[in-house]
Amino acid sequence: MRTIEIFDTTLRDGEQSPGVNISTNEKVEIALQLEKLGVNRIEAGFAAASPGDQKSVAEVAKRVKNATVVSLARAVKDDMDKAYEALRNAQNASLHVFLATSPIHRQFKLNMSKEEVLARAVEAVTYAKKYFTEVQFSAEDAARTEIDFLAEVVEAVIKAGATTVNIPDTVGYMTPYQYGNIFRELKKRVPSTDLIRLSCHCHDDLGMAVANSLAAVEGGATQVEGTINGIGERAGNAALEEVALALETRKDYYQATTKLNLKEIARTSQLVSRLTGMIVPGNKAVVGANAFAHESGIHQDGVLKEVTTYEIIRPESVGFKSNKLVLGKHSGRHAFKEKLVDLGYHLEQEEVNVAFAAFKVLCDKKKEITDDDILALVDSKMVRGPEAFQLESVQLAYGNISVPTASVRLVRADGSVCEEAACGNGSVDSIYKAIDRATGEEVSLVDYKILSVTHGQDALGEVFVRLQQGDLIVTGRGVSTDVLEASAIAYVRAVNKIMERRGEPTPVSATI
Ligand SMILES: CC(=O)SCCNC(=O)CCNC(=O)[C@H](O)C(C)(C)COP(=O)(O)OP(=O)(O)OC[C@H]1O[C@@H](n2cnc3c(N)ncnc32)[C@H](O)[C@@H]1OP(=O)(O)O
Ligand SMILES: CC(C)C(=O)C(=O)O
C-alpha cells in the first residue's frame with residue numbers, strides 16, 4: 001500500500017478565492033487545525049505578495065511544529081529572499097518556486113522562449129537550494145505543455161536539486177485519462193522522478209479536480225495538492241477531504257492511502273468555511289450538510305435496516321456525530337416512526353398511520369419539516385378520540401374596502417357535514433362567526449394568541465384561543481402553515497372541548 005503525501009494550499013491558493021482574505025491570526029488557527037488533520041505540508045502564503053502575507057507565513061512558520069511550512073515564490077530572487085525571511089523560524093520549511101512552461105504562457109504572459117524558461121527554472125531552483133533543503137518546483141500550466149519540453153524541464157530541475165516536482169493542471173483543462181498519462185509518461189521518460197516527490201495540483205474548472213488528482217495517483221504521483229472544501233482560484237482546487245476519503249474508501253482499488261487523521265475533517269471544514277466565509281454547499285461530498293442525510297423513504301428504510309445499504313462512508317469516521325434521517329415528502333413510515341420514538345412518542349401502529357397521513361399533507365405545504373413541526377403536528381392532530389366537529393375547509397373573501405366573509409365546512413362525528421358563512425369585523429372574526437353558526441354553540445372568545453412554532457417563511461403558525469360558555473372556560477390550539485386555518489382549528493377544538501366538558505354526546509346530523 002502506498003502512502004500519498006498531502007500538500008495543503010488552503011492558505012495560499014484557497015485564499016486566492018475571490019473575496020477571501022484571511023488574517024494572520026486566522027491563518028495560524030487554520031494551520032494548527034491542518035496540523036491536527038495531519039497534512040504533510042502547509043503552504044501558508046506567497047511571502048512576496050504583501051508585507052501582510054509575509055507576516056502570516058512567518059507566524060504560521062513559528063507556530064506549526066509537525067508539518068512542513070511552505071511559501072510560494074516566482075522564479076524571481078527577491079520573491080525567494082522574502083520567502084526565506086518568512087520561513088527562517090520554521091521547524092521544517094520548504095520553498096515552492098514556480099514558472100509556467102506551456103506555449104500559451106510562454107508566448108503571451110512571460111514572453112520567453114523554451115530555452116529561456118528552462119534556464120530560468122534551473123537558475124531559480126539552484127538559487128533556492130542555497131537556502132532550503134526542500135525545494136518544490138512547479139511547472140505552471142504543465143498539463144498544457146508539450147510533453148517533450150515538460151520532461152526536459154522536469155529532468156533539469158531535479159538535477160538542479162528540486163526535491164518535489166509539481167505538474168499542475170493550472171486551468172482545470174485535463175480529463176482524468178489524459179492527466180494520469182502525463183504522470184505515466186514522465187515516469188517513463190525521466191527515471192530520476194523515482195528519487196523525488198512527484199506532485200499533482202488540480203483546478204476544478206470542469207469539475208474534474210478530484211478525479212484528476214486520483215488519476216495522477218494512479219499514474220504515479222506521490223503527493224496531492226489541494227484545499228479544504230475545494231476553495232481556490234476561480235472554480236477552486238481539488239478538495240482534499242474528497243481525495244483522502246476516495247483513497248481511504250477505495251483502498252482496494254487505489255492501493256494507496258494518506259496519513260490524515262480523518263476524524264478531524266469535519267472540524268477543519270467548518271473552521272475554513274467560517275473563517276473564509278465560503279459556505280459549504282449542502283450537497284458537497286464528505287462535508288456538505290446533506291452528505292450523510294437520507295430523505296427518501298426507501299433509502300431511510302434501508303439505512304434503518306442496514307446502514308451500508310446507502311452509506312459508503314460512516315459520518316463518525318470524518319468527525320460528524322451521526323447520519324440524519326431528514327423527514328420530508330419522500331419519507332416513509334419506518335423513518336417517521338423512528339422520529340416519533342426519538343421525540344418520545346410511543347404510538348400504536350394505527351396512530352402512527354394517522355399521524356403519518358397528516359405529516360404527508362404537511363409535507364406538501366412545507367419544504368423542510370423540523371422536529372418542532374412533528375411535535376406540533378402530533379400534538380395537534382393526533383391521538384384524540386372522535387371529536388364533535390372537525391374542520392374540513394375554510395374559505396375567506398377579504399378586501400381592504402369590503403367586509404370579510406368566511407364560509408366553513410365542518411364534519412360531525414357521524415360523518416355528516418354542516419356548512420355556514422358569516423361576515424365579521426375582520427378575517428378571524430368572520431371565521432369564528434361562521435363556526436358559531438355551524439356548531440350552533442354560543443360561546444365568547446376570551447383570548448386569542450398567535451405564535452410562530454417554527455422558523456422561516458414557511459413556518460408553522462400556532463394559535464391559542466380561550467372560549468367561555470357560562471362557567472366553562474376552555475382553551476384550544478391549532479397549528480397550520482396558514483394562521484387563519486390555525487385560528488379556525490383552534491376555535492373548533494375549543495368548541496369540542498366545551499361540548500365534551502358539558503358531557504354531551506357528540507352531535508349527529510338532523511337527518512339521522
Ligand atoms: C497559478 C497561480 O496560482 S500562481 C500564484 C498566483 N498568485 C498571485 O499572483 C498572488 C500574489 N501576487 C501578487 O501579489 C503580485 O502579482 C506580485 C506581488 C507577485 C507581483 O506584482 P507585480 O510586480 O505588480 O506584477 P503583476 O502581478 O502585475 O505581473 C506579474 C509579473 O510577474 C511575471 N511572472 C509571472 N509568473 C512568474 C514566475 N513564475 N516567475 C517569474 N516571473 C513571473 C509576469 O510575467 C509579470 O511580469 P512583467 O511585469 O514583466 O510583465
Ligand atoms: C503555483 C501553481 C502550483 C498553481 O497554483 C497552479 O498552477 O495552479
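Counting starts at 1 for both ligands and their atoms, in listed order. What you see below is based on every heavy atom in this structure, not just the backbone, and it leaves out hydrogens, waters and symmetry mates.
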Check your understanding: Is ligand 2 under 4.0 Å from a heavy atom in the side chain of D13, in the backbone, in both, or in neither?
Key -> side chain
Practice item. If you have a sec, work out which protein heavy atom is nearest atom 7 (O) of ligand 2 and how many Å separate them, to one decimal? Key: T170 OG1, 2.6 Å
Exercise for review: Decide, yes or no, whether a salt bridge links K77 with D81 under the criterion of side-chain N to carboxylate O below 4.0 Å.
Suggested key: no
Exercise for review: Please confirm whether H201 comes within less than 3.5 Å of ligand 2 when only nitrogen or oxygen atoms on both sides are compared.
Suggested key: yes
Practice item. Could you establish whether H96 and ligand 2 come within less than 4.0 Å of each other, counting only heavy atoms on the residue side? Key: yes
Practice item. Mark up the atoms of ligand 1 that fall under 4.0 Å of a heavy atom belonging to L72, in ascending order. Key: 5 (C)
Exercise for review: Go through ligand 1 atom by atom and flag the ones less than 4.0 Å from a non-hydrogen atom of K109.
Suggested key: 45 (O)
Check your understanding: Which atoms of ligand 2 sit under 4.0 Å from any heavy atom of S138?
Key -> 3 (C)
Check your understanding: Can you find a side-chain donor-acceptor pair between N283 and N290 that sits under 3.5 Å?
Key -> no
Review point. Between CZ of R2 and OG1 of T257, what distance do you get to the nearest 0.5 Å?
Key: 11.5 Å
Revision key, fill the gap. Ligand 1 atoms nearer than 4.0 angstrom to some heavy atom of E140 are 1 (C)
Revision key, fill the gap. The answer for which part of H96 has a heavy atom under 4.0 Å from ligand 1 is neither
Check your understanding: Would a search of protein heavy atoms around atom 45 (O) of ligand 1 find one under 4.0 Å away?
Key -> yes
Point to revise | salt bridge (Lys or Arg N to Asp or Glu O under 4.0 Å) between K360 and D364, intermediate numbers included | key: CA-CA 7 Å; K360 282 280 183 176; D364 280 337; over 6 Å; no
Study note, to complete from the structure: Counting heavy atoms under 4.0 Å, the part of E233 that contacts ligand 1 is neither
Practice item. Indicate whether the side chain of T68 and that of N92 have a donor and an acceptor atom separated by less than 3.5 Å. Key: no
Exercise for review: Answer with yes or no after comparing the ring centroid distance for F137 and H96 against a 6.0 Å cut-off, counting only values under it.
Suggested key: no
Check your understanding: In terms of side-chain heavy atoms, does Q270 have a donor or acceptor partner in R274 at a distance below 3.5 Å?
Key -> no
Check your understanding: Any non-hydrogen protein atom below 4.0 Å of atom 40 (N) of ligand 1?
Key -> yes
Exercise for review: Show which atoms of ligand 1 fall inside a sub-4.0 Å distance from at least one heavy-atom site of R120.
Suggested key: 41 (C)
Review point. Quick one: do the Y173 and D141 side chains pair a donor with an acceptor below 3.5 Å?
Key: no
**Study point:** ligand 2 atoms in contact with E140 (distance to a heavy atom under 4.0 Å)
**Key:** 7 (O)
Check your understanding: Which residue owns the protein heavy atom closest to atom 18 (C) of ligand 1, what's the atom, and how far is it?
Key -> A48 O, 3.9 Å
Review point. Hey, is D79 one of the residues with a heavy atom under 4.0 angstrom from ligand 1?
Key: no
Practice item. State whether a side-chain donor-acceptor pair under 3.5 Å links E225 with Q136. Key: yes
Point to revise | Residue part near ligand 1, for L99, under 4.0 Å between non-hydrogen atoms | key: both
Check your understanding: Taking both backbone and side-chain atoms of A75, is any N or O found less than 3.5 Å from an N or O belonging to ligand 1?
Key -> yes
Practice item. Looking only at protein heavy atoms, identify the closest one to atom 30 (C) of ligand 1 and say how far it is in Å. Key: R74 NH1, 4.0 Å
Point to revise | Heavy-atom protein neighbour under 4.0 angstrom from atom 24 (O) of ligand 1 | key: no
Practice item. State whether the shortest distance between N or O atoms of F46 and N or O atoms of ligand 1 falls below 3.5 angstrom. Key: no
Point to revise | Side-chain donor-acceptor pair present, Q300, H334, cut-off under 3.5 Å | key: no
Practice item. Would you mind checking if K284 and E241 are paired as a salt bridge, meaning a charged N to carboxylate O distance below 4.0 Å? Key: yes
Review point. What protein heavy atom sits nearest atom 2 (C) of ligand 1, and how far off is it?
Key: R12 NH1, 4.0 Å
Exercise for review: State whether any protein heavy atom lies less than 4.0 Å from atom 16 (O) of ligand 1.
Suggested key: no
**Study point:** Check: T308/E306 side-chain N/O donor and acceptor closer than 3.5 Å
**Key:** yes
Exercise for review: Would you check the N or O atoms of N166, main chain and side chain alike, for any that come under 3.5 Å of an N or O of ligand 2?
Suggested key: no
**Study point:** E134 and R197 ion-paired at < 4.0 Å
**Key:** yes
Exercise for review: Could you tell me whether atom 49 (O) of ligand 1 has a protein heavy atom closer than 4.0 Å?
Suggested key: no
Exercise for review: Using a distance threshold of 4.0 Å (strictly less than), state whether atom 21 (O) of ligand 1 has a protein heavy-atom neighbour.
Suggested key: no
Check your understanding: Does the side chain of N25 come under 3.5 Å of the side chain of S23 through a donor N or O and an acceptor N or O?
Key -> no
Check your understanding: Salt-bridged, D205 to R234, with N to O below 4.0 Å?
Key -> yes
Exercise for review: Answer with yes or no whether the side chains of S56 and E59 bring together a donor and an acceptor at under 3.5 Å.
Suggested key: no
Exercise for review: Answer yes or no for R12: is there a heavy-atom contact with ligand 2 below 4.0 Å?
Suggested key: yes
**Study point:** Cationic N near anionic O, under 4.0 Å, R333 to E338
**Key:** no
Review point. Has ligand 1 got any nitrogen or oxygen that is less than 3.5 angstrom from a nitrogen or oxygen of Q16?
Key: yes
Check your understanding: Looking at ligand 2, does any of its N/O atoms fall within less than 3.5 Å of an N/O of H203?
Key -> yes
